[in-house]
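Accompanying notes for the structure given below.
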Amino acid sequence: MAIQLIVHGGAGLVAGEHHAAVMATCSAAVASGIAHLREGGTALNAVEIATRILEDDPLFNAGYGSVLNRDGKVEMDALIMDGRTFQIGAVAAVSRLKNPISLARRVMEATPHHLLAAGGAEQFAAEQGFELVPPEHMIAPRQLATKSDGDTVGAVALDSAGNVAVAVSTGGVRGKLAGRVGDSPIPGAGGWADNALGAACATGVGEGIMRALLTFRAVNLLETHGAQAAAEAAVALFEQKFGGDGGLILVDREGKVGIAHNSPFMPVAWLNGDQISAQVAQK
Ligand code: ASP
C-alpha cells in the first residue's frame, strides 16, 4: 500500500533569501515523517513528527517564531485529526508551548474533549508534564525585526495501513486581537481527515477558511475529483464564493497529492516517487 506525507509552510510571502531554507526544512520534515511511515508507523505519528520540525524552525509562523498579536505576544493554535477514528485534538491561544501540536495530540488522547484554549490548555499541559516556557521565549528576533506573515505549517499523511491524518500549527495572523482564534484548530476549517476519502490542511486568512469550511469541502470533493482537481476546485470556490486568500494541501487514499493556492507562495514538500520534491510556489 502507498504511503505519502506532504507538508506546507504557509500562504504568506516568502522572501527570496529564504526560499532555499524554507524548502530545506519542509524537505527535512517530510524525510523524518516518511522514515517513520517506511517502518510501518502511523499517519498520525508522521504528521506530528513533521509538524514539530516545522514548529522548531523560526522561519515559520508556528511554535517558536510565531507572529505577534496586537499586544506583542505569541498566541498559537494547533489541531491534529485521525482519519481512522475521526478523533480530534486541538489547542487555541496558547502562549507557552514550544510544540503546540503535541499538546493538541494529548488533548485528543487524554481528555474527553476536542479543543482546549488559553490558560486551561496550559494548565492541562503542565499537569501532563509538558514544559511551559516563559511567553517571551517564544518570540524570535525575526518577528521583532521583520514583517513576516503567514508561514503557518501543516502536514497530511497516508500510512501503509490506509489511514490518513492531518496536523496544523500556527501563530495566526500578525497584529490580531488578543484571544483571536483562527481556522487552524477548527475541524473542517484548518484540517480534516477521513479514511474513506483523504485528508486536507489549509493555510491563509483564517476567517475566510472558517466560513468556507475549506478542508471539509476539499476532502469531500475527492468523492468526485482526483486529488489535484479537488484541491484546485476547493481553492477556486474559496476565492469566488468566500473571497478567501490562501491554499491547501491534500492526500487521497492512493497517496496522490493535491496542491493549490491563490496566494503568490505556499511552500510544500512531498514524496514524489522515491524522491522528496519541494517548491515555494505552484509551477
Ligand atoms: N490560517 C491561519 C490563521 O488565520 C494563518 C495562516 O495560515 O497563515 O490563523
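The first residue in the sequence is number 1, and the count goes up from there. When a ligand or atom number is given, it counts from 1 through the structure's own listing order. Quick caveat, the model's predicted, so the values are computed rather than measured.
- Remark: the Q87 side chain and the D82 side chain contain no N/O donor-acceptor pair separated by less than 3.5 Å.
- Ligand 1 lies nowhere less than 4.0 angstrom from a heavy atom belonging to G12.
- With ligand atoms numbered from 1 in the order given, ligand 1 contributes 2 (C), 5 (C), 6 (C), 7 (O), 8 (O) to contacts under 4.0 Å with heavy atoms of T152.
- An N or O contact shorter than 3.5 Å is missing between I209 and ligand 1 by distance.
- Distances between N or O atoms of E207 and those of ligand 1 include no value under 3.5 Å.
- Under 3.5 Å, the side chains of D57 and T25 contain a donor-acceptor pair of N or O atoms.
- A salt bridge does not link E55 with K98: every distance from a Lys NZ or Arg NE/NH1/NH2 to an Asp or Glu carboxylate oxygen is 4.0 Å or more.
- For the residue pair T170/T152, the side-chain donor-acceptor check at 3.5 Å is satisfied.
- Numbered from 1 in the order shown, with element, the atoms of ligand 1 that lie under 4.0 Å from a heavy atom of T203 read 6 (C), 7 (O), 8 (O).
- For ligand 1, the polar-atom distance check against V173 finds no nitrogen or oxygen pair separated by under 3.5 Å.
- If you look at E75 next to ligand 1, there are no close heavy atoms at all, none under 4.0 Å.
- Remark: among candidates D77, L214, D183, the nearest residue to atom 1 (N) of ligand 1 is D183, based on non-hydrogen atoms.
- At least one N or O atom of R180 sits closer than 3.5 Å to an N or O atom of ligand 1.
- For residues 60-80, there are no salt bridge (Lys or Arg N to Asp or Glu O under 4.0 Å) pairs, not counting sequence neighbours.
- Sequence neighbours left out, not one pair with a member in residues 208-236 passes salt bridge (Lys or Arg N to Asp or Glu O under 4.0 Å).
- With a 4.5 Å cut-off on side-chain heavy atoms, L237 and F242 count as touching.
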